[in-house]
Novice: 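Questions regarding the structure given below will be posed in turn.
Atom set for the values below is all heavy atoms of this structure, side chains included, hydrogens, waters and symmetry mates excluded.
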Protein chains: 2
Amino acid sequence: MPTPPRPLRADAERTVRAILEAAERVLSANPAATMEQIAEAAGVARTTVHRRFATREALLAALCAWAARQFHAAVESVSDSTPPLVALHQATANVLQVKISWGFAMNAAGDDDPETARIHADVLARCDALFQRARAAGVLRPDTDLDWARRVYYALIHEAATADRPGTPATPEARATLVLTTLLNGLGTP
Amino acid sequence: MPTPPRPLRADAERTVRAILEAAERVLSANPAATMEQIAEAAGVARTTVHRRFATREALLAALCAWAARQFHAAVESVSDSTPPLVALHQATANVLQVKISWGFAMNAAGDDDPETARIHADVLARCDALFQRARAAGVLRPDTDLDWARRVYYALIHEAATADRPGTPATPEARATLVLTTLLNGLGTP
DNA sequence: AGAACATGCATCACCCATGACGCAACTAAC
DNA sequence: GTTAGTTGCGTCATGGGTGATGCATGTTCT
């Protein structure tokens, strides 16, 4: 996370953002991409990347931390008192919005940083709580294995976020509906 | 694919198998693992790996080709005349069996080799045909988007193959049932 | 406008994975 | 048992990514 004691100047902050966005773009296409390629995509010299992120690991960690915070914000904005099905839809749409732009960073395992790990754990807890509410309210079957449900849910979100076929709905809301109808009703004939 | 003009001697063939299995094991844990690590896991000198697979790319390609053939065999063994639901269950169980042992190799995009690409295309075609039969038979809803269905199906198989929690069913058959009930019925209250 | 900060560029050193040989010891195949 | 193939080991060359530094040229902030 780029929070050195001395606050960054405005242009430097812009540079950091540009580097993170470029890293997401380049690494999602090729996870083994070099610092050089990332720098080029960011429109910046390679040495500048090293100035902001001492090592490659540091860049990866910062990228993951950034995505984790977006992820957290997407989930946090959903009120705990909203009915489960509505809350699920809101959270799904928000997460999809983030995931479309930060797909690589959200999948990359950057839990070596304790702060990022904490955020991930918090999101996980919120997700679990929401699923428990959903099960208690009868949205999910009473005998549902919540761990399996969560895995399936994440997987569906991932598919909905990466699907780019003509037939796929464009807006996050429509995709969220697709995810939830598939999760709850399946694709078979009732 | 290890098919040089001259057939390999028995011990050499064993070595190739050991290297491929080690590569799967090591690379699934760390996709950026070195040839050295793979060789060590295979109980073989690094130079021997290079003797069998000239370059790292060649090893990856061979690994993917091997997995693709296993994949193909798992799908091919299901008769085209079997009722769709039964066929789905058989194919799913077979694929899960393979995927548990060759998870990395099946995900790695090794379609640069035309032969492997052909096999993958063939498997895809069979999957599509099976899904069309399922839809025609009323197993899938008549308005189902088959592309979305296939994506969800693959994703569920992936989750079922990588789930290693105590609550998860152990046998491929039981996991196949989990995949199919989730795919067809979803997890919501009917 | 002046001070502090940021960037590009050129340059350097370093490490490590990769890939290639040759040779001696061994093993399968006939 | 002879022959051809296989392996381990030591060795070497090379490329490429990484990380650090100094300096001149902008840019921001006050």
Side-chain angles (χ1 to χ4, degrees), chain A residues 1-64 66 104 108 110 112-113, chain B residues 1-64 66 104 108 110 112-113:
Chain A
M1 182 174 9
T3 311
R6 195 191 282 95
L8 289 176
R9 225 169 64 179
D11 54 350
E13 198 127 19
R14 252 180 288 133
T15 301
V16 169
R17 287 280 301 254
I19 293 174
L20 288 179
E21 287 170 8
E24 163 64 35
R25 234 177 310 137
V26 173
L27 291 175
S28 67
N30 170 26
T34 68
M35 301 287 266
E36 178 75 54
Q37 294 173 284
I38 295 173
E40 187 186 350
V44 159
R46 188 177 65 91
T47 49
T48 300
V49 178
H50 274 102
R51 235 187 296 269
R52 295 292 153 224
F53 306 97
T55 73
R56 181 194 179 82
E57 265 191 6
L59 172 57
L60 266 292
L63 186 59
C64 291
W66 172 256
F104 172 83
D112 22 300
D113 176 33
Chain B
M1 183 172 9
T3 311
R6 195 192 283 95
L8 289 176
R9 224 169 64 178
D11 55 349
E13 198 128 20
R14 254 179 288 134
T15 301
V16 170
R17 287 282 300 257
I19 293 174
L20 288 178
E21 286 171 9
E24 163 64 35
R25 234 177 310 137
V26 172
L27 291 174
S28 66
N30 170 26
T34 68
M35 301 287 267
E36 178 74 54
Q37 296 173 281
I38 296 173
E40 188 187 349
V44 159
R46 188 177 65 90
T47 48
T48 300
V49 178
H50 275 102
R51 236 188 295 268
R52 295 292 152 223
F53 307 97
T55 73
R56 182 193 179 81
E57 262 190 7
L59 171 57
L60 266 292
L63 185 59
C64 291
W66 172 255
F104 172 84
D112 22 301
D113 175 34

Novice: Which distance, rounded to the nearest 0.5 Å, do you find between the CG of B:L60 and the CG of B:D113?
Specialist: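 Between atom CG of B:L60 and atom CG of B:D113 there are 12.0 Å.
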Novice: With sequence neighbours excluded, what pairs up with B:R17 under the salt bridge (charged side-chain N to carboxylate O under 4.0 Å, His left out) test?
Specialist: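 Salt bridge (charged side-chain N to carboxylate O under 4.0 Å, His left out) list for B:R17, sorted by chain: B:E21.
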Novice: I want to check something: taking the side chain as every heavy atom from C-beta on, are B:F53 and B:L63 in contact at a cut-off of under 4.5 Å?
Specialist: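 Of all side-chain heavy-atom pairs linking B:L63 with B:F53, none is under 4.5 Å.
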Novice: Is any side-chain heavy atom of B:T15 less than 4.5 Å from a side-chain heavy atom of B:I19?
Specialist: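 A side-chain contact exists here, since the closest heavy-atom pair is under 4.5 Å.
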Novice: For nucleotides 22-30 of chain C, just jot down a letter per nucleotide in 5' to 3' order: B, S or -, based on protein non-hydrogen atoms under 4.0 Å.
Specialist: -----BBS-
Novice: Are B:R52 and B:L8 close enough that some pair of their side-chain heavy atoms sits under 4.5 Å apart?
Specialist: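 The answer is yes; the side chains approach within 4.5 Å.
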Novice: Keeping the roles fixed (side chain from A:E24, backbone from A:F104), state whether a donor-acceptor pair exists under 3.5 Å.
Specialist: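 Side chain of A:E24 to backbone of A:F104, a donor-acceptor pair under 3.5 Å: yes, one is there.
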Novice: In residues 25-46 of chain A, which ones come under 4.0 Å of DNA chain C, going by heavy atoms?
Specialist: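 Here the set is A:G43, A:V44, A:A45.
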Novice: For A:D11, give me all partners under salt bridge (charged side-chain N to carboxylate O under 4.0 Å, His left out), at least two apart in sequence or on another chain.
Specialist: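 Applying salt bridge (charged side-chain N to carboxylate O under 4.0 Å, His left out) to A:D11 gives A:R9.
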Novice: So how far off straight is the helix from C:dA1-D:dT30 to C:dC30-D:dG1, going by the axes through five pairs at either end, to 10°?
Specialist: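 Inter-axis angle at the ends, rounded: 50°.
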Novice: Between A:I19 (CD1) and C:dT7 (C1'), how many Å, whole number?
Specialist: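 After rounding, the reported distance stands at 11 Å.
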Novice: Can you give me the closest heavy-atom contact between A:I38 and A:A22, atom names plus distance?
Specialist: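 Heavy atoms of A:I38 and A:A22 come nearest at O-CB, 3.7 Å.
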Novice: Check whether any side-chain heavy atom of A:Q37 sits under 4.5 Å from a side-chain heavy atom of A:T34, and report yes or no.
Specialist: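 In contact.
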Novice: With a 4.5 Å heavy-atom cut-off, do B:L59 and B:M35 have their side chains touching?
Specialist: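 Sidechains of B:M35 and B:L59: in contact.
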Novice: Chain B on DNA chain D: first and last contacting nucleotide, 5' to 3', under 4.0 Å to a heavy atom?
Specialist: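 For DNA chain D, the relevant span reads D:dA4 to D:dG10.
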Novice: For a quick test of reading the model, state the closest non-hydrogen atom pair linking B:C64 to B:G110 and the distance between them.
Specialist: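 Closest heavy-atom pair between B:C64 and B:G110: SG-CA, 3.8 Å.
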Novice: For A:A18 and A:A42, work out which heavy atoms get closest and say how close.
Specialist: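 Heavy atoms of A:A18 and A:A42 come nearest at O-CB, 3.8 Å.
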